[in-house]
Amino acid sequence: NAGVTQTPKFQVLKTGQSMTLQCAQDMNHEYMSWYRQDPGMGLRLIHYSVGAGITDQGEVPNGYNVSRSTTEDFPLRLLSAAPSQTSVYFCASSYAGGAGQPQHFGDGTRLSIL
Amino acid sequence: AQSVAQPEDQVNVAEGNPLTVKCTYSVSGNPYLFWYVQYPNRGLQFLLKYITGDNLVKGSYGFEAEFNKSQTSFHLKKPSALVSDSALYFCAVSSGGYNKLIFGAGTRLAVHP
């Protein structure tokens with residue numbers, strides 16, 4: 001049982017480049033989300049989705065796009081990378097049904113923008 | 001606005017001693033409170049949650065947490081620490097219809113032999 005799988009694990013980009021961080025889950029979870037983790041700031045929500053075709057913004061959405069065409073996949077796109085987007089990115093999933101469901105996290109993508 | 005505070009950047013404990021990692025929260029409405037643990041180069045793992053009911057919640061690996069509504073706190077505890085408990089611990093809160101988590105900054109727990 002793979003759980004939440006994120007690819008790539010590491011990536012270095014130049015300022016202005018674009019890329020897509022991949023996230024896939026095999027638990028048939030309705031809810032998926034993307035967080036970024038920065039030192040001393042915990043995790044902050046970027047975007048989330050409550051089901052295929054439905055996405056919404058979190059706390060820090062600027063510079064990122066998402067789409068949800070299937071239940072399993074929730075890619076995160078950086079349109080024009082900036083050094084401020086250097087971070088560790090985590091994808092998470094959970095069952096829907098309210099705010100009390102534990103979330104399952106992937107192992108993260110470590111992204112450096114030069 | 002919802003917020004979570006973890007007042008200690010690091011907690012140092014000797015193996016075998018009890019440990020406490022502190023968390024206070026601010027949220028409108030009923031809080032859903034969580035503790036997650038992160039080991040190096042890994043994602044967060046769920047430890048325990050408080051939704052309603054008994055104020056003492058038991059979770060994975062012998063951890064427990066005490067919900068205190070009057071002090072708006074949700075401290076993580078373990079009666080006897082292990083060196084393998086050394087990790088980064090996050091407190092998080094959610095409220096409302098969707099499972100959007102607000103995290104604290106994290107507390108690094110170091111358990112010394």
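A note on names: the letters A, B, ... follow the listed sequences, proteins ahead of strands, and every chain is numbered from 1. The shown structure was predicted, so the numbers you read here are calculated from the model rather than taken from an experiment.
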Is any side-chain heavy atom of B:Tyr36 closer than 4.5 Å to one of A:Leu43? no
For B:Gln38, is it the side chain, the backbone, both, or neither that has a heavy atom closer than 4.5 Å to a heavy atom of chain A? side chain
Shared hydrophobic cluster for [X] and [Y] (ILVMFWY, side-chain gaps under 4.5 Å):
| X | Y | value |
| --- | --- | --- |
| B:Val11 | B:Val37 | yes |
| A:Tyr31 | A:Ile54 | yes |
| A:Val66 | A:Tyr48 | no |
| B:Tyr61 | B:Leu19 | yes |
| B:Val93 | B:Phe63 | yes |

Donor-acceptor pair, A:Asp107 side chain versus B:Arg42 backbone, under 3.5 Å? no
Quick one: does B:Lys49's side chain have a donor or acceptor within less than 3.5 Å of a partner on A:Gly100's backbone? yes
Does CZ belonging to A:Arg44 count more than 12 external heavy atoms closer than 6.0 Å? yes
Could you tell me which portion of [X] (side chain, backbone, both or neither) has an atom closer than 4.5 angstrom to a non-hydrogen atom of chain B?
| X | value |
| --- | --- |
| A:Ser33 | neither |
| A:Gln37 | side chain |
| A:Arg110 | side chain |
| A:Leu45 | side chain |

Nearest atoms (heavy-atom pairs only) where A:Gly40 meets B:Ala105: O-CB, 3.4 Å
If you measure from CD on A:Gln101 to CD1 on B:Ile51, what distance do you get to the nearest 0.5 Å? 8.0 Å
How many angstroms lie between CD in A:Gln57 and NZ in B:Lys100, if you round to the nearest 0.5 Å? 10.0 Å
Most contacts with chain A, counted as non-hydrogen pairs under 4.5 angstrom, among B:Leu44, B:Leu88, B:Asp9, B:Asn41: B:Leu44
